[in-house]
Amino acid sequence: MSAYLETISKRPKAAEAYARLGRMFVALRAFNECVAVFSQGQHQLPNDVPIRRYLGVCTWFRGNKQAALAHLIWVSKRKPTAEVLLLVGRYLAQQRRCKQAVPHLSALLKLGERVAERRMLADCLMRVGRFADARESYEKLVSATGGKPFALWGLARAYERTEAHAKAEATYRRLMAALPENKKPDVLVPLAEQLRRQGRYDEAARLARRYVSARPKAPGGHQELGLIALSRRDCREALGQFELAVARGHKSAWAHSLLSRALRCVNQPKRAITASERAAALSRDPDIAMELGNAYRAGGRYEQAIGIHDRLLRQHPKRVAFRLQLANDYLAAQKLDSAIREYNRLVKNASAPRWDRWRAKRGLSACYYNMGVLAMRKGQDAEASRLLTRAQSYRKGHRRARLAQALLALRRKDGVRALQLIKRDKKSALALWIRGRLALDAGKLKQARTLLRKATRARGGRRMPQITNDLAVADAKAGKLKAANARLESLPGDVAQYNQQLVKLALTLAALRRQRGALAKHYMDAIDVKRLAPREKMLHGVLAAATAIATGAKKRGIAKLSRLARDRNFSQVAAPDVRRSAARLIRAKLAIATGKGIPASMRSLARVRGARARKIAQRLRMTLRRLALHQFYRKGRYRRAAKLAGPGAPPALQHDAACAAYRSGDKARARAVFARLQRKVPEATVNLGIAVDELDKNRRRAFDLYRRYLKESGGRAKVVRRWIEAKKRIYGFR
């Protein structure tokens, strides 16, 4: 040892002396002295590879792995050896520093095949997104191990990420054959996923149910069944399965996130936001945060959605999905310029390696489709047609792009072209709406109403203003104003976009019935009287008078009604014997529409003359009696309300009067009326059950009456269902 020290003192750059002295300390396991020797040698000979390698190894065994790693990486770049590559590659892979581990493991495998290191390399390639290279590495691993389960599992995952679903399915089946019986169910869910992605939904559902029966407490099977239902567009079934998945794995973030997706599908945005917020609280996964932004967008909270997706894009600038969702947020928020900017960025970067290769075509197709929708909204039909065609070129059979082109054809009045484009879509809501619009334009009102109602049902409960508007127009043209009013209550207040005068008249009538005079005046001002037919002009006059009364101008409204009663053109909407009593009839209708002046209107109807007028007055009197009964009932004047159902009253009025009599204390008479009206008024069965339960204490008969009502009403009464469940629980009824 002294000789080596003397040599180093005389010749400081004697590399062999440093090496031999250092190896002596290694043999003695004196790593501190070894590190000191090689550090001095590295200072004198900074580019000497053996000294740097010895320094790295001694530093490693001394315990300072980070410092040793820097030395060994330097050595691996100059003169790599199997020992150095193995040490560095394994450590980097274990520390999940996959980008740095990949070149070292690749260089090591070139020197000779190693199973453990091949597995590490394949896993690292998957983590860094090099799925094609990972797939090749897993294939070599399978051949080297003879088809061990861990190699087959990794190969199947690589096939998934490269969208080779048929090969992934075959690999999973091979994996099931290699696994013991107690572990075979674990492969059922990923195998079902591959079948679902190939469109083989029945086989996928069968495998998912097998997993549920084998692992009843695990949420994976229900999640896969829900995804299969979503693929089939069965949103209700998907919602039920995801709720079961949440119940099985209440701390599973993905279960809550998938539940949010199903709730958006059934148009329950508030619950969807709650489910996504729970998922985001359970996990910081950026994909789950993206779903939260999507839920905010579905709920109309566009600024929050933009904030989430913008933050995700800044944190992960290479994720194309986040930029796509941000562009969709801008589109939904009507920030068209910002949306176009983001879509253009996506299209310009389409050839960049940052795009996931297996998702590139789908992403480009979505970009061009949304840009085409934006061009349609701006009225640029030629540009929209070009963009939609481009979307179909990237994704063959792009259904939504084809339907958008059908809308363009409908806008250009090219009905033949529109029908050709929607020929394959028989149950789609948009296709049914286009067919309904064409039938409405052709004057086929019955066919148009049928198609538009089917389109509404096909939306799964989600309302589309255009479909609702066209259905209201069809109802109004067919003379069914009540149905039109029911449709139009859900439309936005601004009706400037709807140029159908009948629709505006129906909107005015609906607003008056809801006692919203200001809104009725808004609708009335939007009507173009010049386009109305004579019958519609008379209706416009009546509604204008009603609007004046509802907004406080009572004298002006009554004066307008008097002028209408004396108008010689009134015979077009009423028979001659009604004209003399027209003012009284119109005032009664106004009382029904506004809920004001009911007693005075009832007294004035007694002075109506003429056979036909008396028939009309009789119907109006019964309606006014029912309204007055409801008013007295709300005020707590039950005895007065019970007296309003005179002889000849309709069953509904008799039932309401019996309810008032029951509240006033005359329970025996009320029970007799309920028993008599059971077949004519379904609610009488429920009230009879309440009376029997309270008066006779016959709870079994009351239970039978509740169950009978629930059966006859189609199971729509939630309160009655709760009563039935309570009696089952308390008294043991079956």
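Numbers here are sequence positions counted from 1.
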If every non-hydrogen atom of Ala404 is compared with every non-hydrogen atom of Tyr369, which pair is closest and at what distance? CB-CE1, 4.2 Å
Charged N to carboxylate O under 4.0 angstrom, Arg197 versus Glu169? no
Minimum side-chain heavy-atom gap His222-Phe242 below 4.5 Å: no
Taking side chain as C-beta onward, heavy atoms only, is Tyr172 less than 4.5 Å from Glu160? yes
Charged N-O contact under 4.0 Å between Arg314 and Asp310: yes
Is Arg412 salt-bridged to Asp381, going by a charged N under 4.0 Å from an acidic O? no
Indicate yes or no for a side-chain donor-acceptor contact from Ser385 to the backbone of Ala382 under 3.5 Å, with no hydrogens or angles considered. no
Go through it in stages, so that I can follow the logic: the residues are Glu224 and Arg215, the test is salt bridge (charged side-chain N to carboxylate O under 4.0 Å, His left out), and I'd like the CA-CA distance, side-chain angles, deciding distance and then a yes or no. CA-CA 13 Å; Glu224 186 58 34; Arg215 302 280 192 271; over 6 Å; no
With no hydrogens and no angle check, just 3.5 Å: does a side-chain donor-acceptor pair link Glu237 and Gln241? yes
Should Arg118 and Ser137 count as side-chain neighbours, where that means a heavy-atom distance under 4.5 Å? yes
Going by side chain to side chain contact (heavy atoms under 4.5 Å, CB included), name the residues that satisfy it together with Thr145, two or more places apart in sequence or in a different chain. Val115, Leu141, Lys148, Phe150, Ala151
Name the one of Arg323, Arg301, Arg297, Lys335 that satisfies salt bridge (charged side-chain N to carboxylate O under 4.0 Å, His left out) with Asp329? Arg297
Just so I know, are the side chains of Leu239 and Leu259 near enough to count as touching, which here means a heavy-atom distance under 4.5 Å? yes
Apply the side-chain contact (heavy atoms from CB on, under 4.5 Å) test between Leu179 and each candidate in Asp186, Val187, Leu152; give the one that qualifies. Val187
Within the 4.5 Å heavy-atom criterion, are Arg174 and Val142 side-chain neighbours or not? yes
In this structure, CZ of Arg200 is separated from NE2 of His165 (nearest 0.5 Å) by 12.0 Å
Does any non-hydrogen side-chain atom of Arg278 lie less than 4.5 Å from one of Thr274? yes
Hey, are Gln405 and Thr389 close enough side-chain-wise for a donor-acceptor pair under 3.5 Å? yes
Do Ser252 and Gln223 have side chains that approach each other closer than 4.5 Å (heavy atoms only, starting at C-beta)? yes
Side-chain heavy-atom pair Tyr201, Asp234 within 4.5 angstrom cut-off: no
Do side-chain atoms of Ser283 reach the backbone of Ala280 as a donor and acceptor pair under 3.5 angstrom? no
